[in-house]
Amino acid sequence: MDHIKIERINELARKKKTEGLTPEEAMEQAVLRREYIEAMKDNLRESLNRIKIQNPDGSIIDVKKRHDEKMK
């Protein structure tokens, strides 16, 4: 999600608190919020997929690979 869309989300939130939103603005806010949430989920998912854990014996476990194997 780009900076311009985030600024628009914030602008709509401020306007909602002060004077209220038109139905079109409320719809735009809902769409932008959903897009923001999906972007955050994707970002979190990618971060979690890169996690590796080192055991005390020095071996390294790829968490995503291990999870995928357990889910089979």
Side-chain angles (χ1 to χ4, degrees):
M1 173 159 270
D2 62 10
H3 182 67
I4 295 169
K5 288 183 180 180
I6 293 172
E7 285 297 319
R8 181 65 178 153
I9 291 170
N10 292 332
E11 179 183 326
L12 289 169
R14 285 189 294 274
K15 184 176 180 191
K16 183 177 181 180
K17 286 181 182 179
T18 59
E19 59 191 77
L21 298 176
T22 65
E24 294 82 17
E25 290 171 330
M27 180 68 78
E28 179 187 6
Q29 183 183 41
V31 169
L32 287 171
R33 283 181 171 176
R34 173 62 31 212
E35 187 178 334
Y36 178 78
I37 290 168
E38 290 303 316
M40 293 303 293
K41 283 181 182 178
D42 290 342
N43 188 16
L44 177 60
R45 207 172 281 120
E46 286 300 316
S47 294
L48 292 173
N49 285 340
R50 285 181 289 202
I51 292 176
K52 303 205 184 320
I53 298 173
Q54 184 172 4
N55 289 323
D57 67 358
S59 62
I60 296 177
I61 298 171
D62 184 331
V63 175
K64 179 178 179 357
K65 185 176 177 181
R66 185 172 182 186
H67 172 73
D68 291 343
E69 289 171 356
K70 284 187 173 186
M71 296 307 289
K72 287 183 182 180

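All values derive from a computational prediction rather than experimental measurement.
- A distance of 7.5 Å separates CD1 in I53 from CG in N55, rounded to the nearest 0.5 Å.
- Using a 4.0 Å cut-off between charged nitrogen and carboxylate oxygen, E38 and K41 count as a salt-bridge pair.
- To the nearest 0.5 Å, the span separating CG on N10 from CD on Q29 amounts to 10.0 Å.
- For the atom pair CG (L12) and NZ (K15), the distance works out to 7.5 Å, reported to the nearest 0.5 Å.
- Here the CD1-CZ distance, from I51 to R66, works out to 13.5 Å after rounding to the nearest 0.5 Å.
- Y36 and L21 fall within the same hydrophobic cluster, where Ile, Leu, Val, Met, Phe, Trp and Tyr residues are linked whenever their side-chain heavy atoms come under 4.5 Å apart, directly or through other members.
- A donor-acceptor pair under 3.5 Å links the side-chain atoms of S47 to the main chain of N43, judged by distance alone.
- One finds a salt bridge joining R8 and E11 here, because a Lys/Arg side-chain nitrogen approaches an Asp/Glu carboxylate oxygen to under 4.0 Å.
- Here the CE atom belonging to M71 is positioned 4.5 Å from the NE2 atom belonging to H67, to the nearest 0.5 angstrom.
- Pairing each heavy atom of I9 with each of R33, the nearest pair is CD1-N, 4.4 Å.
- Between I6 and M1, some side-chain heavy-atom pair lies under the 4.5 Å cut-off.
- Within 6.0 Å of CG in L44 there are more than 12 heavy atoms belonging to other residues, nucleotides or ligands.
- Ion pairing between a basic and an acidic side chain is recognised when a charged N comes within 4.0 Å of a carboxylate O; K64 and D68 show such pairing.
- Checked by atom type and distance alone, the side chain of D57 pairs as donor or acceptor with a backbone atom of S59 at under 3.5 Å.
- Residues forming a salt bridge (Lys or Arg N to Asp or Glu O under 4.0 Å) with K5 (at least two apart in sequence, or on another chain): E35.
- With respect to the salt-bridge test (charged N to carboxylate O, under 4.0 angstrom), the residues D42 and R45 qualify.
- Shown here are the salt bridge (Lys or Arg N to Asp or Glu O under 4.0 Å) partners of K70, two or more places apart in sequence or in another chain: there are none.
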